[in-house]
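Here is how names work: the chains are called A, B, and so on, in the same order as the sequence lines, proteins then strands, and each is numbered from 1. Keep in mind that this is a model prediction, so the values were computed, not measured.
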2 protein chains.
Amino acid sequence: MELDARKKKILQAIIKNYLETGEPVGSRTISKYTDLNLSSATIRNEMADLEEMGYIFQPHTSAGRIPTDAGYRLYVDDMLSEKQSAKEKEAREAEEQSESGSSEIDRRIDRIEEVLQEMAKMLANNTNYTSVISMPQANKNRLKFVQLTLVEPTKLLTTVVLEGNIVKNEMIQVDKDIDPETLLKLNILFNNELNGKTLREINFDMAANMADSAGELGALVSEIINAIAAAIGSADGIQIFTSGATNIFKYPELSDTTKASGLIGTLEEKELLTGLLADTSGDDEEENTGIQVYIGQETSVSSMEDCAVVTATYEFEKGVYGKVGIIGPKRMDYEKVVDALKNVTGNLDKQFRKPDK
Amino acid sequence: MELDARKKKILQAIIKNYLETGEPVGSRTISKYTDLNLSSATIRNEMADLEEMGYIFQPHTSAGRIPTDAGYRLYVDDMLSEKQSAKEKEAREAEEQSESGSSEIDRRIDRIEEVLQEMAKMLANNTNYTSVISMPQANKNRLKFVQLTLVEPTKLLTTVVLEGNIVKNEMIQVDKDIDPETLLKLNILFNNELNGKTLREINFDMAANMADSAGELGALVSEIINAIAAAIGSADGIQIFTSGATNIFKYPELSDTTKASGLIGTLEEKELLTGLLADTSGDDEEENTGIQVYIGQETSVSSMEDCAVVTATYEFEKGVYGKVGIIGPKRMDYEKVVDALKNVTGNLDKQFRKPDK
DNA sequence: TGTTAGCACTCTATTAATTTGAGTGCTAAC
DNA sequence: GTTAGCACTCAAATTAATAGAGTGCTAACA
């Protein structure tokens, strides 16, 4: 069967209406809602076709129609490609707004966590859905600077600064006292050897080599390397901020206790979200719009099979990306969500990249 | 009216039964449940009295009775005072178990956040309620060590170590380059002047004084002091870990959507929890058992008016306390919860205080 | 005087029966 | 190809009927 223009128009009308009301939509509604000037009977015929094609279905005989995942997919893809073509026009018209109120957050750029948490909150409030933001993935990030400090005679503080000025600390308990000269030597050693290295590069034989060449300090050196690796690692482990979890209760189709509990549970756990926010740079869709949409099963998180997830990527430092996502019911206002996400990623890009400084 | 022994026994039986079943309990049940050998009619009479006294009530005529907040209060107080007397006996019998498996967590004691988060998870899993743990309140904590490092020519990293080895970082953007000697001077200056000070002590005129005596570096010095204060402050802002929020769905009286949403919302916000976990050292009850119980309205968090909250205090460093709490329905298993809390605080005390090291 | 059996009464919860109305599919006419 | 009309279906809301748990009160009993 052919999905001609009229069918498509009807399908869109159905989905649009369902997005607003959340109720199955019947033929009579569409007959009036559209400018097609068709009777409900005609619409019914077309609907039967659309159902056969798998874009809509009835929850039960004698109910209106609801979009299937395939229906949503079609709708979303259409919208995105429209946005895409609209984008080119925008690109020309933009630039005038490019500098705006970033100074306030500028000052505390080192408090990335707070910025992201705040963003998540805002996003959730604006959209009435649940928002999710991942810390930029640092595992491709390079070590910029290491500082060893003696806090107590046997307590060594390792401060690690990564590219992008992410700072992490690790405390090491040592057996015997360390004298200042040794400390200085160690500091120089580590900064010479490790700067610019990633976690992966450090982990391999480098540790062994350095420990060897350090002679009697070998044990200490390898312990310090471990601490450094742990510090980088702890920055690596995807950190995720969520907000507005309770917004799901605004949508009856999600607020049944088992579903809600499952959803909130995965939001609390956070580990399960990493999959959602994995790095997808290189995907086709990504290349085009920077936006990805997962509908129902496509999320591969079982507790979200009744949800849709829209994600976008922001750039933290050259080549280091983080993700922003919105989780809501399948019948979410995709258009609004996409706009909101673009807004946020745009903001973050601007704040973090700061080509001027 | 007099609350004689028999009435008390009946009240306890009612509450105990209600804790288990969650259903209003009737006279016949009690007549069999207790060893009082009284007919249901007699029990009914006593129940009428207990109701008049305000310890129990009927959700509607012809339903069994449910404890009022006052009833719970009586029950909990009794239990706690029993525990208290039992404690003395324990004290004699204890000590043999005093050293147990703390080594594993010992190693990573600097990762307090992780330890506490893990504890919260465990506690929630064991009890099937929601758990809450606050970071030790550092605002009485003293500065132990400051380290200024130049990360880039105009980027100054301030690393602050507090008593208890809490480490915080703050990045400062400076106008002009700083040469190594100045840096060294600053390091010495700050460590001499500020060590052992609390946030409050630093904030006052000290900042002004130091800036003055620093001459042309005045502006820089005061900016650094700000950074240090911010670092301490960020450690001060109560940090709270929660776990098992979704456990509330296991209790029908809490899982109605509005209530659940409110509760989970406050758990997500966390700010509202600070009141619950405020420092109460010095309270009467606290002195006796280390345990506090808030029933219903007593929490003064509106979303928890159908809940009970039990909290306990643990000692992080001498004089620095944190709190552990359990949030559940009023009909929670208080005894189990109190035991679990004591267990956890005991563990934390042991881990953090480490009188041996 | 405290305890108990007995009974009428109340009120919720459950189940069943009934009604309503939205929406469909199909047929026949335009 | 479109539409009016009609019989049919089914969920949801409404009402009615029933069952059962539990009470309060009275009168008898030890």
**Message:** Using a 4.0 Å heavy-atom cut-off to protein, can you give one letter per nucleotide of nucleotides 12-30 of chain D, 5' to 3': B if the base is in contact, S if only the sugar-phosphate is, - if neither?
**Reply:** ---------BBBB------

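The side-chain hydrogen bond (donor to acceptor under 3.5 Å, both in side chains) check on D69(A) picks up K330(A), with sequence neighbours excluded. For E51(B), the salt bridge (Lys or Arg N to Asp or Glu O under 4.0 Å) criterion is met by R65(B), not counting sequence neighbours. Residues satisfying the side-chain hydrogen bond (donor to acceptor under 3.5 Å, both in side chains) test with T258(B), not counting sequence neighbours, are D256(B). The salt bridge (Lys or Arg N to Asp or Glu O under 4.0 Å) check on E305(B) picks up nothing, with sequence neighbours excluded. Legend: residues meeting salt bridge (Lys or Arg N to Asp or Glu O under 4.0 Å) with D78(B), ordered by chain and number and at least two apart, are K8(B). Qualifying side-chain hydrogen bond (donor to acceptor under 3.5 Å, both in side chains) partners for E335(B), counting only residues two or more places apart in sequence or in other chains: none.
A heavy atom lying under 4.0 Å from DNA chain D marks none of the residues of residues 11-18 of chain A.
In this entry the distance linking CD of E23(A) with P of dA22(C) reads 12 Å, nearest Å. In this entry the distance linking CG of L38(B) with P of dA5(C) reads 11 Å, nearest Å. Atom C1' of nucleotide dG23(C) and atom CD1 of I30(A) are separated by 13 Å, given to the nearest angstrom. If you measure from atom CG of L36(B) to atom P of dG2(C), you get 17 Å, rounded to the nearest angstrom.
Within the structure, salt bridge (charged side-chain N to carboxylate O under 4.0 Å, His left out) contacts touching residues 13-23 of chain B (residues at least two apart or in different chains) do not occur.
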Hey, can you pull the donor-acceptor pairs under 3.5 Å for the side chains in residues 39-49 of chain A, sequence neighbours left out?
| unit_1 | atom_1 | unit_2 | atom_2 | d |
| --- | --- | --- | --- | --- |
| S39(A) | OG | A41(A) | N | 3.3 |
| S39(A) | OG | T42(A) | N | 3.4 |
| S39(A) | OG | T42(A) | OG1 | 3.2 |
| R44(A) | NH1 | S27(A) | OG | 3.2 |
| E46(A) | OE1 | K7(A) | NZ | 3.0 |
| E46(A) | OE2 | R6(A) | NE | 2.8 |
| E46(A) | OE2 | R6(A) | NH2 | 2.7 |
| D49(A) | OD2 | K7(A) | NZ | 3.3 |

Side chains of residues 241-250 of chain A: which donor-acceptor partners sit under 3.5 Å, not counting sequence neighbours?
| unit_1 | atom_1 | unit_2 | atom_2 | d |
| --- | --- | --- | --- | --- |
| N247(A) | OD1 | K250(A) | NZ | 3.0 |
| N247(A) | ND2 | A124(A) | O | 3.3 |
| N247(A) | ND2 | Y129(A) | O | 2.8 |
| K250(A) | NZ | N128(A) | OD1 | 2.7 |

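The side chain of T42(B) contributes an N or O atom lying less than 4.0 Å from OP1 or OP2 of dT4(C).
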**Request:** State the dot-bracket string of DNA chain C. Criteria: Watson-Crick or G-U wobble, both atom distances under 3.5 angstrom; notation: ( ) intrastrand, [ ] crossing earlier pairs, | interstrand, . unpaired.
**Result:** ||||||||||||||||||||||||||||||

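A salt bridge links K121(A) with E269(B): the closest approach of a Lys/Arg side-chain nitrogen to an acidic carboxylate oxygen falls below 4.0 angstrom.
In this structure a side-chain-to-backbone donor-acceptor pair under 3.5 Å is missing from T311(B) to V324(B).
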